[in-house]
Amino acid sequence: MTLRVGLNLAYLVEDSGGSGTYARELIPEMLAAEPGLQLTAWIGTTAPAWLREQPWSGEVRWIRLPVPGVGSPWHLWHELIGIGLDARRRKVELVHGPAYLAPLIGVPMVATILDVIWAHHPEAAGRRFRLVMGTLAPLVGRRAARIIAISKAARDDISQTLHLDPAKFDVTELGIREPPPREPPDRAAVVARLGLGDEPIVLCVAAKRSHKNLHGLIRGFAQLPTPRPRLVLPGSPNEYETELREVAAELGVADAVSFLGWISGEDLEDLFAIARCFVLPTFQEGFGLPVLEAMARGVPVACSDIPVLREVASGAALMFDPHDPASIAGAIARLSSEEELRDELIALGRERVREFTWERTAKATLDSYRRALE
């Protein structure tokens, strides 16, 4: 049976982060897994250019909505009402919203609710976003024929927090693409270009938001004996970074913590290549893709001992208590000095990564569509 599916991509902008990666990886894998799949996608006027430049773009029917930006009443009207009515007119059987919102009327719908971090850590999102999500996410969840979660831990949290029936959920874990082989970079050239020192590098790639617990990471880092490694925190600066710099200065480790700002993909790959270890001290995640990204590059990982990261890492990472700086420090110290542990985690990480493919994500998503139509 040919599936005629619509995608609400009106939320996509040039820098859509993980939700953009989700759409970019999911679409071609669904087209490959389901010959004859008819995809219609609704996008806004600020949709990223890469959407129409992909090899698979010609296989998608694109509908451009007259809505710039995200979150305006007119934008929400299209996502919740207009797309559904248009889908019915175009004989689309079902609409999927890959980032929380999907039509409430018109045709059956599937919604991916990525996480409810905004409910547990209100400081991690703006007031307007919390208000919209607090109102619409439960409504969309109740109206959805199926709800997709990207991890079992996320499913449990979302169903409990939003009071949604767990039986309506399908879990479609995300995938990871292993990077193509590349020559090891010249370490001296990399550290000179990025303004680092000769110390071993502890790398953390995480958005600068308080629920990522970078302040806890710095407090743990400050407990390491001297000579310390160098803690490297790439990412665009914001008010939270200002707080982090104050914490580092207060603890006397400002000279050993590098805030690099935004860096290119090539610079990030070079950082992974020269990193001694990767650390993710987060309090909450929907999935925890950075853990797999580090494992795919042969970097040993230490991360928070929370349900979702236990699920994703599955014994291939060294776990610590994110609320205890001494626990964080102990994990960094072990990955810095215990070669046998490092080698074991690198091997386990590479093996674990192979279990997460976008092909598997796509097939599970198509199965969810069929359940919705049934």
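Everything numeric in this text was worked out from a predicted model, so none of it was measured.
Nearest heavy-atom pair across Pro234 and Val232 is CD-O, 3.5 Å. The shortest heavy-atom contact between Phe287 and Val308 is O-CG2, 3.4 Å. The minimum heavy-atom distance between Gly6 and Val92, with the atom names listed, is N-CG1, 3.4 Å. Of all heavy-atom pairs spanning Leu335 and Leu345, the tightest one is CD2-CD1, 3.6 Å. A pairwise comparison of heavy atoms in Ile328 and Gly216 identifies CD1-O, 3.6 Å as the closest pair. Contact detail for Arg187 and Asp198: the closest heavy-atom pair is NH1-O, 3.9 Å.
Side-chain atoms of Glu285 and Thr282 form a donor-acceptor pair, as typed in the model, at a separation below 3.5 Å. Looking at Arg64 and Thr45, their side chains never bring a donor and an acceptor atom within 3.5 Å of each other. Under the 3.5 Å distance criterion, with hydrogens and angles disregarded, a donor-acceptor pair is assigned to the side chains of His96 and Thr112. Counted by atom type alone, Tyr22 and Thr361 present zero donor-acceptor pairs between their side chains at under 3.5 Å. Residues Tyr11 and His75 have side chains that never bring a donor and an acceptor to within less than 3.5 angstrom of each other. In the model, Asp115 has a side-chain atom that pairs as donor or acceptor with a side-chain atom of Tyr100 under 3.5 Å.
Cluster annotation: Val279 is not connected to Leu203 through the hydrophobic network of ILVMFWY side chains, with a link wherever side-chain heavy atoms come within less than 4.5 Å. Cluster annotation: Leu196 is not connected to Leu233 through the hydrophobic network of ILVMFWY side chains, with a link wherever side-chain heavy atoms come within less than 4.5 Å. Clustering ILVMFWY residues whenever any of their side-chain heavy atoms sit less than 4.5 angstrom apart, transitively, puts Val301 in a cluster other than the one holding Leu217. Under a hydrophobic-cluster definition in which Ile, Leu, Val, Met, Phe, Trp and Tyr are linked whenever side-chain heavy atoms come within less than 4.5 Å, directly or via other members, Val110 and Ile105 are assigned to the same cluster. Residues Val257 and Trp262 fall into different hydrophobic clusters, defined by Ile, Leu, Val, Met, Phe, Trp and Tyr side chains chained together at heavy-atom separations under 4.5 Å.
Annotation: ring-ring contact (aromatic ring centres under 6.0 Å, His included) contacts involving residues 294-347, sequence neighbours excluded, comprise Phe283-His323.
For Arg209, the CZ atom counts as loosely surrounded, since its 6.0 Å shell holds 12 or fewer non-hydrogen atoms of other residues, nucleotides or ligands. For Asp186, the CG atom is densely surrounded, since the number of other residues' heavy atoms within 6.0 Å is greater than 12.
Remark: the backbone N or O of Pro281 is paired with a side-chain donor or acceptor of Ser304 at under 3.5 angstrom. At least one donor-acceptor pair under 3.5 Å links the side chain of Glu93 to the backbone N or O of Arg4. With Asp270 contributing its side chain and Pro185 its backbone, the two residues share no donor-acceptor pair below 3.5 Å. Asn238 places a side-chain N or O within 3.5 Å of a backbone atom of Lys208 that can act as its donor or acceptor partner. The backbone N or O of Gly286 lies less than 3.5 Å from a partner atom in the side chain of Ser151, making a donor-acceptor pair. In this structure, the side chain of Ser159 engages the main chain of Asp156 through a donor-acceptor pair within 3.5 Å. Not a single donor-acceptor pair under 3.5 Å links the side chain of Lys168 to the backbone N or O of Ala145. One N or O on the side chain of Trp62 and one on the backbone of Ser57 form a donor-acceptor pair closer than 3.5 Å. Arg182 places no side-chain N or O within 3.5 Å of a backbone atom of Ala273 that could act as its donor or acceptor partner. Side chain of Glu311 to backbone of Ala153: a donor-acceptor contact under 3.5 angstrom is found.
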Problem set entry | salt bridge (Lys or Arg N to Asp or Glu O under 4.0 Å) evaluation trace for Glu359 with Lys363 | CA-CA 6 Å; Glu359 179 185 9; Lys363 289 179 177 178; 3.2 Å; yes
Problem set entry | Intermediate values then yes/no, salt bridge (Lys or Arg N to Asp or Glu O under 4.0 Å), Glu199 and Arg228 | CA-CA 7 Å; Glu199 311 94 334; Arg228 293 187 186 90; over 6 Å; no
Problem set entry | Working for salt bridge (Lys or Arg N to Asp or Glu O under 4.0 Å), residues Glu351 and Arg354 | CA-CA 6 Å; Glu351 185 177 331; Arg354 296 189 186 101; 5.8 Å; no
For this session: Evaluate the salt bridge (Lys or Arg N to Asp or Glu O under 4.0 Å) criterion for residues Arg342 and Glu339: first the C-alpha distance (whole Å), next the side-chain angles of each, then the deciding distance (0.1 Å), finally the verdict.
Result: CA-CA 5 Å; Arg342 288 172 44 78; Glu339 293 300 329; 3.6 Å; yes
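Other residues sharing the hydrophobic cluster of Val171, ordered by chain and number and joined by side-chain separations under 4.5 Å: none, the residue standing alone. Ile346 belongs to no hydrophobic cluster, as no Ile, Leu, Val, Met, Phe, Trp or Tyr side chain comes under 4.5 Å of its own.
Applying the side-chain hydrogen bond (donor to acceptor under 3.5 Å, both in side chains) criterion to Ser368, with sequence neighbours excluded, gives Asp170. Not counting sequence neighbours, the partners of Trp42 by the side-chain hydrogen bond (donor to acceptor under 3.5 Å, both in side chains) test are Asp86. For Glu269, the side-chain hydrogen bond (donor to acceptor under 3.5 Å, both in side chains) test picks out Arg297, with sequence neighbours left out.
Annotation: cation-pi pair Arg127/Phe129 absent, no NZ/CZ under 6.0 Å from the ring centroid and within 45° of its normal.
Using a 30° and 60° split on the angle between ring planes, Trp77 and Trp74 fall in the parallel class, below 30°.
Atoms CD and CD, on Glu34 and Glu29 in that order, are 13.5 Å from each other to the nearest 0.5 Å.
With respect to Glu241 and Arg245, a salt bridge is recorded, a charged nitrogen being found less than 4.0 Å from a carboxylate O.
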